[in-house]
There are 2 protein chains.
Amino acid sequence: MTDKSKAPPDRKTALLDSAERAARSRGFDGFSYADLAKDVGIRTASIHYHFPSKADLSTALMQRYHESFAAICEEIDAHHATGGARLQALIDRYRIAHNDAQWVCLCVAFSISRESLSPEVVGQISRFRAMMRKWIGAVFELGRSDGTILNTSDSAIEAAATLSLLEGAQLSARAEENPARFEEAMAHLASRVR
Amino acid sequence: MTDKSKAPPDRKTALLDSAERAARSRGFDGFSYADLAKDVGIRTASIHYHFPSKADLSTALMQRYHESFAAICEEIDAHHATGGARLQALIDRYRIAHNDAQWVCLCVAFSISRESLSPEVVGQISRFRAMMRKWIGAVFELGRSDGTILNTSDSAIEAAATLSLLEGAQLSARAEENPARFEEAMAHLASRVR
DNA sequence: GAGATGCTACCTACTAGTAGATAGATGTCA
DNA sequence: TGACATCTATCTACTAGTAGGTAGCATCTC
C-alpha cells in the first residue's frame, strides 16, 4: 500500500532533469557524472546503472526532449486556432525555455558539441529539427490562409528561418546575459502576427 | 638567412589559428592543449610558454576575433556604398565563416560554454556583440535612407535581430550538417535587400 | 509460512586515461 | 652571453567507466 499520491523518488528522471539543466546551461562537454551525482545525491558509479554510458544518457535526453516538444506542439494546436496565435505561442515557449537568459534549447547546446556526440544523437538532432520545421511550416501555411501572419513566403523557408531565429535569439540573450536580446531578435517576426 | 617571402613559423599565431578552428568546430570545452600541441607540432608544455593558462588563450582569441571583425566591417564600408550592399556583404562573410556547415562564429561557440569562461572573456563577448550591433544598426539606417533595405523598423532592433539570425543560421546549418539551412534562414532578410 | 532465489538500486574501491599546469634542463641564435 | 623558445618529466585533479558487493524487497517453491 504505497502512497500513490506521492511520486516515488524516480532517480532516473531526476538524473535526466539534472543532465538537461546542465547540458542546456553548460553544454554537453561542460558537465560530468560527478556534477549529476552531486546534484541528485548518489554516487557517480550509480549513474552507470541507469545510463551505462554518457552516450546512452544523451540519447535518452534527446528522445525525451523530442517527445516533450512534440507534445508542446500538439498542445499549442489544441489551444490556438489561428496560425498567428500558434506562432506566438511557440515564441512564448522559447521565451520560457531560455529561463531568463540562462539556458538554451537542448538542440542548440548539443549542436556545438556535435563532434563529441554519438552518431545516434547527431541523427536525433536532425530528426528533432525536421519535426519542428514541419510543424512551423504548417503554422505558416495556416497563418497565410487565415490571414494572421503577414507577408508569408514559402512555408518551408519561413520554418527554417523561424527555427534559426528562435535559437539565435536564445543564444544572443545568453551570450550577453540579457533577456532583452531575445525580445529584440523576435520583434520583427512578432510584428507580422495579427 | 631565412626565406622572408615565407612567413616565419610564428607559433603563437599558429596556436591561435589552431585554437580558433578547434573552438569554432568543437566549442571551448571541446578541445585541449593536447589537441593544439598535436596540430601545431609542439609539446603541451610549450603552449604554456605562449599562453600561461587556457583563460589567457581564450582572451587572446576573443581579442583577435574582435579586431579582425572590426577590420572586416571597415573593409565592407570601404568597398560598398549602400546599406543593402553592406548587409549583403556581411551575410556573405558569415556564409564563408561557417565553412560549409562545419564552423560557427567564435562568439557562438563561446556563448554555450559561458560558465567555463573567465569573467574577462564574458565581457569580451558582450563588447564584441555591442560593436557588431552598432555597425549593423548603422547599415540599416543607411539602407533606410538610401532605400536599399525595405521595410526597416528601429535600427537597434533590426541589428539585434540580424545578429541573432546570422548566428542562428550558422548553428542550424551546423546542427544538421547542411549548408542549405543557412541560406533558408537568411532568405527572408536577403529578400529585403535591393 | 519459511526458506531460497533473484531483482533493483544503490554502494566502495578501483582502473586507465586526460585535463591544465609547473620546474628545470636544453638548444638556438644574434 | 643571454634572451627566447622549446624540451622532458612530472604533478594534481578530474574524466568516464568497471568490478564486485550488499540491503531490501518481491516472488516462487516446498
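Since the model is a prediction, treat every value here as computed from it, not as a measurement. Each chain gets a letter, A, B and so on, in the order its sequence line appears, and its residues count up from 1.
Side-chain contact check for Ser116(B) and Asp29(B): at least one donor-acceptor pair (N or O, by modelled atom type) lies under 3.5 Å. Thr59(B) and Asp56(B) are not linked by any side-chain donor-acceptor pair at a separation below 3.5 angstrom, with hydrogens and angles left out of the test. A donor-acceptor contact under 3.5 angstrom links the side chains of Ser172(B) and Arg129(A), judged on distance only.
If you check every strand for non-hydrogen atoms under 4.0 Å, Ser32(A) touches sugar and phosphate atoms only. At the heavy-atom level, Phe31(B) lies under 4.0 Å from the strands shown only through sugar-phosphate atoms. Among the heavy atoms of the strands lying under 4.0 Å from Tyr49(B) is at least one base atom, whether or not backbone atoms are also near.
Between the C1' atom of dT18(C) and the CG atom of Leu36(B) lies a distance of 14 Å, rounded to the nearest Å. Across the protein-nucleic acid pair, Ile42(A) atom CD1 and dA16(D) atom P stand 14 Å apart, rounded to whole Å. Whole-Å rounding puts the Lys54(A) NZ to dC14(D) P distance at 15 Å. Taking atom CG of Leu57(B) as the reference point, atom P of dA19(C) lies 14 Å away to the nearest angstrom. What separates CZ of Phe51(A) from P of dT18(D) is a distance of 16 Å, to the nearest Å. In this structure, His48(B) places its NE2 atom 17 Å from P of dG24(C), rounding to the nearest Å. Residue Arg43(A) contributes atom CZ, which lies 14 Å from atom P of dC14(C) at whole-angstrom precision. Taking atom NE2 of residue His50(B) and atom P of nucleotide dC7(D), one finds them 9 Å apart after rounding to whole Å.
Remark: side-chain polar atoms of Lys134(B) are not paired, donor with acceptor, to backbone N or O of Ala156(B) under 3.5 angstrom. When atom types are taken as modelled, the side chain of Arg133(B) and the backbone of Leu163(B) share no donor-acceptor pair closer than 3.5 angstrom.
OP1 and OP2 of dA5(D) both lie 4.0 Å or more from every side-chain N or O belonging to Ser46(B).
Applying the side chain to side chain contact (heavy atoms under 4.5 Å, CB included) test to His66(A) and every residue at least two apart in sequence or in another chain returns Arg127(A), Phe128(A), Met131(A).
For the contact set between residues 13-26 of chain B and DNA chain D, defined by any heavy atom under 4.0 Å, there are no members.
Residues Tyr94(A) and Phe69(A) bring their aromatic ring centres within 6.0 Å.
Residue Tyr33(A) has its side chain nearest to dG17(D) when only dC10(C), dG17(D), dA21(C) are considered.
Residue whose closest nucleotide on DNA chain D sits further toward the 5' end, between Ala45(A) and Asp35(A): Asp35(A).
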